[in-house]
Amino acid sequence: MSEKKLTAVFFCDTRNGQTDTVDIPAIAEYVKKIPDVAVIWDSKTFPTSYINKIVRKIKSGNIKRIVIAGDMPGLVKNTFTKAMYLCGNNPKDVILASFKEYGAVTKADTECAKAITACSVLGIPFELAAVPDENPGHPETLVIGGGIAGIQASLEIADSGNKVYLVERTGTIGGHMAMFDKTFPTLDCAACILTPKMVEVGQHQNIELMTYCEVKNISGEPGNYKVKILKKARFVNLATCIGCGICVEKCPTLVPSEFDSKTTMRKAVYIPFPQAVPNKYLIDAENCRYVKEKKCGVCVKACPVNLCINLEEKDEEVEITVGNIIVATGFKIFDAAKMEQYGYGKFPNVVTSLEFERLVNASGPTEGKIKLKTQNKKGNWLFTKEGKEPQSIALIHCIGSRDIHYNKYCSRVCCMYSLKLAHLVKEKLPESQVYEFFIDMRAFGKGYEEFYKRIEHEGVHIIRGRTAQIEEKDGQLLLRSEDMLNDDILEQKIDMAILAVGLEPREDADAISKMLGISRTEDGWFMEANSNSDTVTTSKGGISIAGVCQGPKDIPDAVAQASAAAARVIQSIITGKVKKSIKNLQLENIESKAKQLSNVI
Amino acid sequence: MEEKRIGVYICWCGTNISLMVDVETVAKEMAKLPNVVISKDYKYVCSDPGQDIIIKDIKEHNLNRIVVASCSPRMHELTFRKTLVKAGLNPYYFEMANIREQDSWVHTDRVEATKKAKALIAAAINRVSFHEALDSRSVEINPATFIIGGGISGLSAALEIADSGKKVFLIERSGRMGGHVADFDLTFPYMYSAQQMITPLIQRVKSHQNIELFLNSEIKEIFGYIGNFESTIHSKDGKETAVKFGNVIIATGLKTFDPSNIENYGYGKLPDVITSFEFEKMLLNGIIKTKDGKEPKNIAIIHCVGSRNKNYHEYCSRTCCMTALKYANQIRCELPKANIFDIYADMRSFGKGCEEFYTLSSRRNIKFLMFDQENDLPKIVSANSGDNCDMLIEINEKLTGKTIEVPADMVILMVGMEARENAKEIAHAVGISMCGNSFYIERHPKLDPVATTTNGVYIAGGCQAPKEIPDSVAQAKAAAARILATIAKGSVEVEVTTACVNEDFCCGCQTCIKVCPYTAISFDAEKKVSVVNEVLCKGCGTCGSGCPTGAIKCKHFTDMQILSQIEGIMKISHLELQEA
Amino acid sequence: MSYKPTIVAFLCNWCSYTGADLAGTSRIKYAPNIRVIRIMCSGRVDPTFVLKSLREGADGVLICGCHPGDCHYHEGNYKCLRRYHLLQKYIQQMGIPKDRLRLEWISASEGKQFAQLVDEFTESVAKLGKSEIRQVMETLT
Amino acid sequence: MKERIDPNLYNDLEKFGIDVGNWNECYHCGNCTATCPLTEKGSLFPRKEIRFLQLGLKNELATSAEPWLCYYCGDCSKKCPRDANPGELMMSLRRYLTSIYDWTGLAKRIYTSKIFEIATILVISLIVMVLYLNFTFFPSGEGAWTGNDGGVLINKIAPWKRIHFGDWLMAGTLAFFLITNIFNMWLNIIVKDKSVKVPFIAYFTEVFSVVINFFTQKRFNKCDNDNKPYWVIHLFLMLSYVMLFTMIVFFLQWFQTDSVHPVWHPQRLLGYISTIGLFVGIIYFINNRIKKAKENSKYSHYTDWTFLVMLFLTTLTGILLHFFRINGMAQATYITYLIHLMCLVPMLTIEVPFSKWSHLAYRPFAIYFANVKKSALKKQVKL
């Protein structure tokens with residue numbers, strides 16, 4: 001057994017007026033009772049900026065060990081290591097009790113924070129003392145979201161021979177990745193690599209694909225969740241639809257296509273895109289004339305299959321039982337119209353990156369030709385094959401990202417996809433001038449930096465300096481930006497501006513987090529159990545997160561994370577148990593376990 | 001040889017096909033072709049009644065080959081193969097002719113489209129005669145996993161698998177676990193304790209009943225294929241242990257760049273120019289001091305040392321920017337009055353919480369200077385006595401466009417990451433490939449970042465490319481997921497449509513071995529013939545077209561099948577010519 | 001009326017065949033003279049396949065694979081490219097214009113490009129007229 | 001030329017600004033420079049100024065004219081993605097530069113010590129009082145001090161010649177300081193910049209820019225359109241001030257008359273218009289600063305308040321003085337005259353060469369010097 005060490009506990013109180021935080025006085029009160037704790041210090045009365053003061057206190061109290069407790073106590077840790085060194089103590093006896101590390105954030109987590117502090121005081125790693133209880137687990141799994149992360153996680157689990165329900169809100173799986181033209185940095189086409197996976201999901205015997213469905217309610221506990229799923233009326237029978245598309249020809253209602261980022265029109269009866277899985281039509285109730293006002297019904301008459309289209313179909317609710325849930329709900333793009341200075345929505349040829357992805361895609365509005373929008377007879381600005389080719393295109397980074405007025409965080413993918421788009425422009429219009437305006441070029445992944453250099457050599461003008469505004473002048477766009485490295489201010493005339501919009505949590509992220517009982521970070525992304533060693537589990541047992549819903553990431557990182565989430569699930573299926581959250585543990589249990597361990601060690 | 005009895009079914013697909021192809025005539029004409037017992041047209045062959053007709057006909061007419069002419073095989077090939085299985089036939093006795101996506105939907109001339117349909121169906125009929133029964137094959141999986149490397153990736157993967165109750169052999173070259181993370185004080189961006197994070201992992205691995213740990217150990221070679229590998233572990237004390245396992249995870253990590261040969265930085269010559277890893281040790285020991293024991297007043301941190309520069313490594317090492325910010329914060333704690341200069345190229349704070357950490361750092365009076373990491377490295381020189389500092393860094397600062405002198409008493413070089421010196425040996429031992437800068441290549445850079453082209457061998461963490469802790473852990477667990485899935489199934493399906501060698505024809509030229517992208521073909525020195533390992537073969541057929549003697553047969557895409565298909569196509573066009 | 005050639009095409013399963021399917025689902029029209037044979041990889045195209053097609057009287061042979069770097073099997077398409085150049089020389093020596101054989105890269109999203117390619121190739125083969133081998137065969141019969 | 005980084009400059013300069021202290025947060029996206037409608041090639045700000053400050057390049061800061069080219073519309077601060085407050089930095093830099101140009105060191109004391117500023121004001125006020133009591137005449141009996149038209153015979157209380165003498169003395173001294181400071185500015189902006197050789201002729205070709213910018217502040221109008229009223233009021237205030245200043249310092253004999261002219265008389269009319277201009281302007285700016293209504297009034301250094309308050313008091317006492325005079329209230333006039341001078345003189349003494357007032361002169365001259373430099377550069381490029 002280790003020798004007794006007089007311990008000081010320093011509370012690093014960083015609350016700035018927030019009310020719903022862990023109750024530090026209560027923790028201090030609790031910690032005082034632990035033997036060896038000689039003294040409690042508090043950052044409110046004890047400034048950390050004077051190391052000499054701390055040294056005096058350590059010496060006078062004969063302190064041999066210091067525990068720093070708080071949300072991010074590591075920020076002040078080295079002050080104490082130095083003080084310990086100066087006192088001749090072992091600097092390694094400065095131990096952190098980081099509440100946030102284990103998800104203790106709100107007032108309700110005070111007990112958890114107490115346990116974290118207690119473990120640190122006893123010198124026992126929290127993970128070893130706080131071993132979550134287990135429930136017997138149901139072998140089936142629910143995956144929410146059919147983007148690349150959801151697809152990957154589903155396939156991973158289904159390949160292990162276990163049943164997966166994959167619930168997708170829209171009419172097809174594929175998510176945002178299906179909308180991309182090419183993927184960086186290898187430039188292989190997104191559809192080529194994604195569609196085989198989608199087909200595999202569609203045909204996998206262990207996957208029950210539930211497209212056009214939404215999770216409505218979840219009850220039960222880890223290992224045994226009862227999930228209510230709303231099956232929205234599709235009006236087209238999945239089993240009998242032969243995918244001939246005659247209904248589409250006849251349907252009179254035109255609506256902007258979500259898949260094509262509203263650059264093209266689709267009918268009220270539609271297939272989201274040609275390679276959709278399932279490759280069957282559906283009717284969008286919001287726009288169908290028959291569903292809305294009982295007029296029309298042309299599709300029913302046109303359909304060659306008897307009883308395939310049923311416009312009287314109603315939404316249904318089904319209930320399933322699952323042991324584990326993987327949330328892979330993805331993201332939405334930042335609404336560029338919020339940044340008025342760029343004139344998105346006002347100037348037709350200021351487009352978002354996602355719109356441009358569709359424009360360059362061979363199945364997009366112009367069959368892959370890069371054209372400017374033209375005004376049709378009704379006065380709407382549209383992409384058409386007949387449009388003019390732009391001579392100059394600017395790509396503007398960090399739209400809505402790295403900005404305290406919008407999203408503080410970096411969206412991680414925009415630098416690279418902008419470089420990719422620049423390449424596509426250069427490839428299709430070699431004579432055009434392409435400008436990229438960036439702040440910091442974040443080409444961090446495997447092969448990314450090399451890709452950046454390649455694009456630079458292709459003759460793209462890569463300029464350090466965020467564009468401040470876009471105006472219209474003489475029928476062209478006029479953009480103003482500092483060219484920092486050349487000590488110049490650019491007033492560049494361009495034909496088209498592409499806004500590299502950042503990623504944001506989905507609008508229903510809050511509702512989902514409440515429904516599932518998992519927490520979110522300040523930015524709105526779902527919170528992982530441990531930012532270092534466990535980025536897939538959440539604060540609730542049996543619920544994992546994967547992909548961008550945890551935080552922006554590129555495709556390989558999203559895929560890796562999805563597989564990691566699947567690992568958790570497969571493990572739980574193999575062992576037949578589902579781990580509950582550490583938050584369900586009683587303080588006494590953790591404490592006694594920690595004491596037990598400290599005796600052993 | 002059994003008699004071929006072929007059934008041909010031509011789909012109307014409502015009007016989708018029938019509008020452009022004269023389905024009925026085609027069905028009649030196809031009936032005249034040799035071996036065709038039945039030729040029918042039907043509105044929706046894929047529908048349940050359509051499939052029932054096929055099943056009924058197989059049974060009634062004793063059919064043993066089926067051709068369906070309808071949509072793309074990508075749509076319904078699987079559907080009809082299942083129909084054949086239901087009727088008791090081998091699913092590979094089936095062939096599809098695509099007369100919708102590649103005929104009726106793309107042509108406007110009904111006569112021509114009908115002709116084309118005939119040609120395609122005739123080709124399919126010709127081909128199907130040569131189809132052979134293929135049985136799905138699977139190999140059993142040894143549930144043990146072999147993990148090379150005891151860093152954060154190796155530990156995470158080991159625990160993930162072992163916690164599922166499966167055996168893990170974990171080998172580590174050095175005498176301790178934890179890898180680089182065990183040398184860190186704090187982690188970015190939340191400044192959690194790295195020690196407190198890695199210790200429980202190590203303790204759990206040590207005491208886990210399913211993990212067999214081999215410290216100070218190495219391997220020379222791994223033999224076998226997915227599910228059935230074997231190897232011998234050589235321990236430094238001379239002990240040898242033979243192990244058998246089903247899957248391998250390589251998590252050998254990376255090593256730090258040696259900055260000695262960057263002249264400008266004077267590493268090794270100037271005593272207080274140190275690497276980030278040397279500085280990390282100072283932090284752990286609680287005191288930052290120069291070589292002569294003084295407390296530095298000016299500390300400079302230089303980013304991208306050995307990274308993003310074609311003289312050293314072109315790639316970005318991904319973690320250094322944030323580590324540098326972490327150091328800057330730590331220095332601020334220990335030396336509240338010191339001047340901290342952070343000399344960077346692009347601040348790559350892309351991870352969750354990282355941009356916020358950058359903002360927070362900028363509030364702690366840290367001076368950021370931008371340099372050109374590619375063409376214009378700063379120069380560190382000893383200062384003169386009047387300069388009030390030990391060294392001076394001369395830097396062409398990009399954001400001001402001025403040449404600036406930065407005083408420094410200590411310079412921390414943020415050294416990049418590079419592949420381990422023995423990366424090649426390990427790659428060779430396991431049979432995986434490396435990219436130009438000696439990191440291991442994943443099977444697919446996007447959709448399969450953990451698997452390799454060798455089935456059953458996975459890579460995780462820094463050995464694939466530099467990465468930070470959360471991404472390494474995620475990758476390690478992803479590899480674990482893949483392995484757990486195969487173990488859970490107990491066996492793994494292997495490609496049926498593989499290549500095989502007819503030993504009588506093989507002349508032993510080994511051309512096939514050179515062209516195979518999966519190292520699935522080896523040479524049997526005794527018999528002097530090539531041997532295909534069907535477990536590794538993915539059926540691309542490249543060897544088949546390379547083989548000069550026709551000894552290699554690509555199952556389901558045999559020469560005979562394709563040649564007959566060509567004949568079938570041309571037969572119809574001959575008939576047409578004769579008619580004309 | 002211009003000559004209606006017969007063209008045999010070898011399409012790789014992963015990119016080109018999918019691209020051709022996309023042309024279909026997008027209802028992009030092209031010349032009906034092409035007869036597609038699906039193979040797993042353009043690397044599987046054995047020279048005998050091409051020669052057989054020509055021998056049987058095909059007026060043109062088209063091979064399509066994934067774009068360089070995109071090959072599902074890493075580098076099958078490169079191997080095909082090498083054989084293609086040799087084959088072109090070879091058929092020329094036999095008195096067949098090398099333009100009767102063509103190799104193109106078509107990705108899974110290039111339905112339109114596939115259609116254009118077929119139209120273009122059909123036209124160029126039609127200009128070459130009836131296959132030399134067929135002419136010989138006809139005179140023989 | 002190599003310049004040594006000076007990490008302490010940042011802390012020094014913080015005293016010239018309000019405790020907003022987030023210029024270090026700037027991550028150099030360049031948004032502010034591109035947002036600013038006044039930046040052009042050759043004079044890029046405010047990002048570069050932030051950079052010079054962050055790195056402590058004192059020489060770069062001291063020799064730049066850019067802070068004076070900014071009229072503080074606040075767009076840069078509003079749109080700054082990190083809230084680094086570039087607009088306020090430019091403001092603080094103007095204060096800093098004022099102290100750099102001032103060779104006496106008083107400006108630095110005034111800008112960095114509140115107590116020093118107040119003490120100076122009090123001392124000067126006291127001196128004014130002593131002088132006033134010595135050289136003026138207290139009105140005793142009522143009748144003797146009132147003219148035929150009912151107004152106070154003000155020249156009997158404070159003979160214009162004596163006041164005029166004081167005016168000239170003060171104006172001369174202040175002008176001396178101001179002009180030497182402007183000379184200093186010239187040294188910094190033009191002479192110390194070795195990259196340009198300014199031909200003598202350039203000083204003549206660009207001379208109009210001083211006059212135009214002084215009287216119209218036309219560059220201010222290039223700022224964001226939301227600031228139109230701001231520009232109008234600021235200009236009106238400045239012109240009113242100049243008008244009154246001219247009348248008092250140069251034409252006191254005509255301005256300070258014993259007889260009460262009719263309202264439409266140019267003397268009274270001009271006086272009223274200028275007073276209204278001053279008063280409305282001051283109220284507008286005080287209101288802005290209290291409400292923190294605009295980007296440029298969000299942060300107020302104490303010297304901003306001193307200037308406004310002193311100007312306000314001077315104007316108010318001036319109005320009262322006028323009121324008492326035309327109504328024949330001789331004693332009240334005497335006392336108000338004293339208070340008026342006790343406000344006016346310290347205000348001018350402190351503000352003109354050493355504090356905020358100086359921007360009236362520095363700004364047009366900085367624009368002038370910048371233009372001179374620009375035209376010289378143009379010629380250099382051509383050569």
Side-chain angles (χ1 to χ4, degrees), chain A residues 49 72 74-79 81-82 84-85 91 96 98 100-101 125 127-128 156 159-161 183 186 193 197 203 242 244 304 402 408-410 412 440-450 484-485 487 531-533 535 551 555-557 559-561 563-564 566-567 570-571 574-575, chain B residues 13-16 44 78 156 160 163-165 186-187 190-193 196-197 199-200 203 283 285-287 308 314-316 318 329-330 333-334 336 346-350 352-356 398-399 401 445-447 449-450 465 469-471 473-475 477-478 480-482 484-485 488-489:
Chain A
S49 42
M72 268 170 74
L75 274 177
V76 299
K77 186 195 169 195
N78 293 74
T79 311
T81 40
K82 187 179 178 191
M84 289 291 266
Y85 172 85
L96 300 183
S98 318
K100 252 190 177 166
E101 187 174 4
E127 285 103 322
L128 292 186
E156 213 76 77
D159 280 343
S160 75
T183 56
T186 47
I193 57 177
K197 286 225 172 209
Q203 297 181 343
I242 53 158
C244 65
R402 301 187 70 190
K408 277 187 253 179
Y409 52 85
C410 161
R412 194 161 165 157
D440 284 298
M441 190 61 83
R442 294 187 166 165
F444 55 84
K446 191 174 184 176
Y448 291 7
E449 181 74 21
E450 291 89 333
M484 253 176 251
L485 303 185
D487 214 3
S531 68
N532 281 320
S533 59
T535 51
I555 296 168
D557 289 346
V559 167
Q561 213 201 4
S563 300
I570 299 170
Q571 185 188 91
I574 292 177
T575 56
Chain B
C13 195
T15 55
N16 281 300
Y44 297 109
L78 260 179
S156 308
E160 202 71 26
D163 280 348
S164 312
L186 298 173
T187 62
Y190 302 114
M191 303 298 254
Y192 298 145
S193 166
Q196 282 168 250
M197 179 198 60
T199 316
Q203 286 186 0
L283 288 171
N285 293 330
I287 186 74
R308 302 184 62 195
E314 253 191 282
Y315 56 85
C316 160
R318 188 160 169 154
N329 274 285
Q330 287 176 286
C333 281
E334 279 206 26
D346 280 283
M347 191 58 81
R348 295 188 166 167
S349 49
F350 54 85
K352 195 174 181 180
C354 289
E355 181 69 25
E356 289 90 331
K398 278 167 88 181
L399 293 175
K446 265 166 287 296
L447 294 185
V450 296
I469 297 170
D471 287 340
V473 173
Q475 222 193 0
K477 290 184 176 174
R482 205 55 69 71
L484 285 176
K489 275 173 82 179

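Chain identifiers are assigned alphabetically (A, B, ...) following the order of the sequence lines, protein sequences preceding nucleic acid strands; residue numbering begins at 1 within each chain.
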**Request:** Measure the shortest side-chain to side-chain distance between M197(B) and P125(A) over non-hydrogen atoms and say whether it is less than 4.5 angstrom.
**Result:** no
**Item:** Close side-chain approach of D471(B) and D557(A), heavy atoms under 4.5 Å
**Value:** yes
**Under 4.5 Å from any heavy atom of chain A - which part of P445(B)** = both
**Request:** Please look at S156(B) and chain A and tell me whether the side chain, the backbone, both or neither of the residue comes under 4.5 angstrom of a heavy atom of that chain.
**Result:** neither
**Message:** Heavy-atom cut-off 4.5 Å, strictly under: side chain, backbone, both or neither for S531(A) against chain B?
**Reply:** both
**R482(B) (side chain) donor-acceptor with E156(A) (main chain) under 3.5 angstrom** = no
**Main-chain N/O of E160(B) paired with Q571(A) side-chain donor or acceptor, under 3.5 Å** = yes
**Message:** Below 4.5 Å, heavy-atom pairs only: which of M84(A), M484(A), R402(A), Q561(A) has the largest tally toward chain B?
**Reply:** R402(A)
**Complete:** Of E314(B), M347(B), E356(B), the largest count of non-hydrogen pairs under 4.5 angstrom with chain A goes to M347(B)
**Message:** Any non-hydrogen side-chain atom of N532(A) less than 4.5 Å from a side-chain atom of V473(B)?
**Reply:** no
**Request:** Could you check which of D159(A), T575(A), L96(A) has the highest count of heavy-atom pairs closer than 4.5 Å to chain B?
**Result:** L96(A)
**Prompt:** Counting heavy-atom pairs under 4.5 Å to chain B, which of A566(A), G445(A), G161(A), S533(A) comes out on top?
**Reply:** S533(A)
**Asked** L78(B) versus chain A, heavy atoms under 4.5 Å apart: side chain, backbone, both or neither?
**Response** side chain
**Request:** For each of R412(A), R442(A), M72(A), tally heavy-atom pairs with chain B at distances under 4.5 Å, and name the one with the top tally.
**Result:** R442(A)
**Request:** Look at the side chain of N78(A) and the backbone N and O of Q330(B), then say whether any donor-acceptor pair between them is shorter than 3.5 Å.
**Result:** no
**Asked** Any side-chain heavy atom of V559(A) within less than 4.5 Å of one from P449(B)?
**Response** yes
**Message:** Is it true that, when you exclude K408(A) itself, more than 12 heavy atoms of the residues, nucleotides or ligands shown sit nearer than 6.0 Å to its NZ?
**Reply:** no
**Toward chain A, the part of L283(B) with a non-hydrogen atom under 4.5 Å** = both
**Item:** Part of D487(A) lying under 4.5 Å from any heavy atom of chain B
**Value:** neither
**Prompt:** Do the non-hydrogen side-chain atoms of E334(B) and T79(A) ever get within less than 4.5 Å of each other?
**Reply:** no
**Item:** Engaged part of E101(A) at the chain B interface, taking heavy atoms whose separation is under 4.5 Å
**Value:** both
**Fill in**
Applying a strict 4.5 Å limit to non-hydrogen atoms, the region of K100(A) in contact with chain B is both
**Fill in**
Taken in chain and number order and not counting sequence neighbours, the residues that satisfy ring-ring contact (aromatic ring centres under 6.0 Å, His included) with Y448(A) are F184(A), F444(A)
**Under 4.5 Å from any heavy atom of chain A - which part of N16(B)** = side chain
**Message:** Can you list everything that forms a ring-ring contact (aromatic ring centres under 6.0 Å, His included) with Y85(A)? Sequence neighbours excluded, please.
**Reply:** none
**Message:** Please classify the contact of M441(A) with chain B as side chain, backbone, both or neither, using a heavy-atom distance under 4.5 Å.
**Reply:** both
